[in-house]
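Below is one structure; the comments refer to it alone.
Keep in mind that the numbers below use all heavy atoms, side chains included, and drop hydrogens, waters and symmetry copies. All values reported here derive from a predicted model rather than from experimental measurement. Proteins get letters first, then strands, A, B, ... in listed order; numbering begins at 1 in each.
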Protein chains: 2
Amino acid sequence: MSTPAEDDLLLERQLCFALTVASRSVVGIYKPVLERMGLTHPQYLVMLALWERSPRSLKDISDALLHEPATLSPILRRLEEAGLLTRERVPGNERALAVTLTDAGAALREQATAVPGTIMERLGLSREEVADLHAAMTGLIAATQRPAPVHAAQPG
Amino acid sequence: MSTPAEDDLLLERQLCFALTVASRSVVGIYKPVLERMGLTHPQYLVMLALWERSPRSLKDISDALLHEPATLSPILRRLEEAGLLTRERVPGNERALAVTLTDAGAALREQATAVPGTIMERLGLSREEVADLHAAMTGLIAATQRPAPVHAAQPG
DNA sequence: CACTAATTATTAGTACACTAACAATTAGTG
DNA sequence: CACTAATTGTTAGTGTACTAATAATTAGTG
């Protein structure tokens, strides 16, 4: 007998709740797999970016991963300590940081090729189901990046 | 000309990447809205659980939110400091913690009733689209909780 | 009833993730 | 060329989020 607005506050109905649980749960599935490679999940995403192109600047990686530079700084430091990459200043632009894969970092890609298949099998999802979920997430991300409706303007 | 297994490592194709970005992005949409209530997003989820039933034990909240008790302990401490709830031992079971809404905590629900609508409008999503996304996330969570295939047994 | 096992919270330690403040460098402009 | 603005990273501070270790209490068993 509660009003619709009150029903909207049920925990089990919150998209944000389902989303954060799904995110943590899926990352949790990766954990034992990535542990064998000595990587955390955020570190794995950085390595994926570098396996596509190296060297890259921190800013470039930050844009690719949609992460704050302040978040990536310590992650890159740990990956450097693990011997997977080097951090030097870009010649000709001393502001930018040149993040470069080491031989060990590049070689780790071999082991990584097995990861997506392992996860898909662990989740019991087909390639198509994964693609559908990916598309749904991409659409949701796009929704967050659209400008807010005018009559719901930001404070200030 | 790369092999399929190598294409699988493209950052833009990773469900885990889309999922973590979507989670962070959506939580980021909540942030300015919840800030007016003095809540972070994890704190908001705890309040949702308590608005459904109070008092509840930490263990009970932990099960509802699929969170480790060790994660909730400091969150509950901050909510107590904010005057929204109390933490006492359950009479008759001194192990359990009785988490109870204060009058201020219960009253905050009024403001919260506007939150889901505000978010839906900000995201430009219909009730149905939200429901579809919610169902997709619920399915994904279920996939992570299914037992692993036998031939991909856990180490040990 | 004593002993062991299970339950429940907390604390310590590590690793994100964010904002704000800062520092260093480079670009743009008169 | 000097001055201002923009770009790029790092550090500090706050708040999760996890595992492991610990502590306190309760339940179960002979």
Side-chain angles (χ1 to χ4, degrees), chain A residues 16-17 20-32 34-35 38-47 55-82 87-99 144 156, chain B residues 16-17 20-32 34-35 38-47 55-82 87-99 144 156:
Chain A
C16 65
F17 174 52
T20 55
V21 171
S23 177
R24 283 190 289 112
S25 299
V26 169
V27 168
I29 295 292
Y30 276 82
K31 194 175 182 193
L34 296 180
E35 238 161 27
L39 295 176
T40 65
H41 189 262
Q43 289 169 5
Y44 173 64
L45 295 181
V46 169
M47 293 305 289
R56 299 178 78 158
S57 72
L58 187 151
K59 167 72 170 159
D60 185 31
I61 299 172
S62 160
D63 289 341
L65 298 183
L66 297 176
H67 253 113
E68 296 301 317
T71 301
L72 291 177
S73 264
I75 296 179
L76 291 173
R77 180 175 52 72
R78 291 186 192 103
L79 288 172
E80 184 184 39
E81 286 168 5
R87 295 188 304 157
E88 299 164 343
R89 290 293 155 175
V90 172
N93 186 353
E94 293 292 320
R95 289 172 303 183
L97 194 70
V99 180
T144 65
Chain B
C16 65
F17 174 51
T20 55
V21 171
S23 177
R24 283 190 290 113
S25 300
V26 169
V27 168
I29 296 292
Y30 277 82
K31 193 175 183 194
L34 296 180
E35 238 162 26
L39 296 176
T40 64
H41 190 262
Q43 290 169 6
Y44 173 65
L45 295 181
V46 169
M47 294 304 290
R56 298 178 78 158
S57 72
L58 187 153
K59 167 71 170 159
D60 184 32
I61 299 171
S62 159
D63 288 341
L65 298 182
L66 297 176
H67 253 113
E68 296 300 318
T71 301
L72 292 177
S73 264
I75 296 179
L76 291 173
R77 179 176 52 73
R78 291 187 190 101
L79 289 172
E80 183 184 40
E81 286 167 7
R87 295 188 303 156
E88 299 164 344
R89 291 293 156 174
V90 172
N93 186 351
E94 293 292 320
R95 289 172 303 183
L97 194 71
V99 180
T144 64

I want to verify a distance call: between [options], whose nearest atom is closest to the [X] side chain?
X       : options                : value
A/Glu68 : C/dT26, C/dT19, C/dA12 : C/dT19
A/Lys59 : D/dC18, C/dA9, D/dT8   : D/dT8
B/Ala70 : C/dA12, D/dT10, D/dT16 : C/dA12
B/Leu97 : C/dT7, C/dC16, C/dT10  : C/dT10

So, taking the atom named [atom1] in [X] and the one named [atom2] in [Y], what distance separates them when rounded to the nearest 0.5 Å?
X       : Y       : atom1 : atom2 : result
A/Arg24 : B/Glu68 : CZ    : CD    : 8.5 Å
B/Ile61 : B/His67 : CD1   : NE2   : 12.5 Å
B/Leu72 : B/Leu79 : CG    : CG    : 10.0 Å
B/Tyr44 : B/Leu39 : OH    : CG    : 9.0 Å

How long is the line joining [atom1] of [X] and [atom2] of [N], in whole Å?
X       : N      : atom1 : atom2 : result
A/Arg95 : C/dT26 : CZ    : C1'   : 4 Å
B/Leu66 : D/dA17 : CG    : P     : 12 Å
B/Asp63 : C/dT7  : CG    : C1'   : 12 Å
A/Arg89 : D/dT8  : CZ    : P     : 12 Å
A/Leu79 : C/dA15 : CG    : C1'   : 12 Å
A/Ile61 : D/dT7  : CD1   : C1'   : 17 Å
B/Leu76 : C/dT8  : CG    : P     : 16 Å
A/Asn93 : D/dT8  : CG    : P     : 7 Å

Distance check: side-chain N/O of [X] vs OP1/OP2 of [N], anything under 4.0 Å?
X       : N      : answer
B/His67 : D/dA17 : yes
B/Ser73 : C/dT11 : no
A/Arg78 : C/dT14 : no
A/Thr40 : C/dA15 : no
A/Arg24 : D/dA17 : no
B/Arg87 : C/dT10 : yes

Once you apply a heavy-atom cut-off of 4.0 Å, does [X] come out as touching a base, just sugar-phosphate, or nothing?
X       : result
A/Arg77 : nothing
B/Ile75 : sugar-phosphate
B/Pro42 : sugar-phosphate

Using a strict 4.0 Å threshold on nitrogen-to-oxygen distance, state whether A/Glu80 and A/Arg87 make a salt bridge. yes

Would you say the side chain of A/Leu97 lies within less than 4.5 Å of the side chain of A/Ser57, judging by non-hydrogen atoms? no

Do B/Leu45 and B/His41 have side-chain heavy atoms sitting under 4.5 Å apart? yes

Please confirm whether the backbone N or O of B/Val21 pairs with a side-chain atom of B/Ser25, one donor and one acceptor, at under 3.5 Å? yes

Could you pull out the closest heavy-atom pair between A/Ala64 and A/Arg56, with the gap in Å? CB-NH2, 3.6 Å

First of B/Ser57 and A/Pro74 reached from the 5' end of DNA chain C, by closest nucleotide: B/Ser57

Between B/Leu58 and A/Glu94, just flag the one whose closest nucleotide in DNA chain C comes earlier from the 5' side. B/Leu58

Does B/His41 or A/Lys31 map to a spot on DNA chain D nearer the 5' end, using the closest nucleotide for each? B/His41

Where does DNA chain D pair, written as one dot-bracket string 5' to 3', with Watson-Crick or G-U pairs under 3.5 Å, ( ) inside the strand, [ ] for crossing pairs and | for another strand? ||||||||||||||||||||||||||||||

